Amino acid sequence: TPALRRNSEARLARNPDFQMLLRKQDQVRARLASLPPNSIDEAPPTGADLQMIEAVNIVKDMVQMEEQAQPTTASSRSFDLNQLLKRTGSD
């Protein structure tokens with residue numbers, strides 16, 4: 001949805017690790033023609049899985065938006081998002 005996209009774009013714009021990844025990606029693209037195959041698969045310097053972090057944040061947004069749209073149904077859910085995130089190792 002447009003709201004999820006806006007939330008994600010705003011989060012990524014404020015995330016220094018993601019911004020560093022974008023700069024690194026620009027550097028790699030600039031020298032791409034002279035690189036041997038498979039040499040561009042470099043992990044972000046932080047070691048963080050930025051894609052997984054943002055995916056979890058988008059799911060959190062989705063749950064929050066659903067709770068706002070249907071407060072009685074959402075409050076009676078049998079799962080706890082925090083418990084689910086602990087099981088997946090995300091925070």
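Predicted, not measured: the structure shown is a model, and the values here were computed from it.
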*Asks:* Do Gln64 and Gln68 come close enough that some side-chain heavy atom pair is under 4.5 Å?
*Replies:* yes
*Asks:* Considering non-hydrogen atoms only, spot the tightest contact between Asp61 and Leu4 and give its length.
*Replies:* CB-CD2, 3.5 Å
*Asks:* Met20 and Lys24: side chain to side chain contact (heavy atoms under 4.5 Å, CB included), yes or no, with the steps?
*Replies:* CA-CA 6 Å; Met20 184 173 20; Lys24 180 75 169 177; 5.6 Å; no
*Asks:* For the backbone of Leu12 and the side chain of Gln19, can you confirm whether one donor and one acceptor N or O come within less than 3.5 Å of each other?
*Replies:* yes
*Asks:* Please round to the nearest 0.5 Å and tell me the distance separating atom CG of Leu21 and atom CD of Gln51.
*Replies:*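 CD of Gln51 is found 10.5 Å from CG of Leu21.
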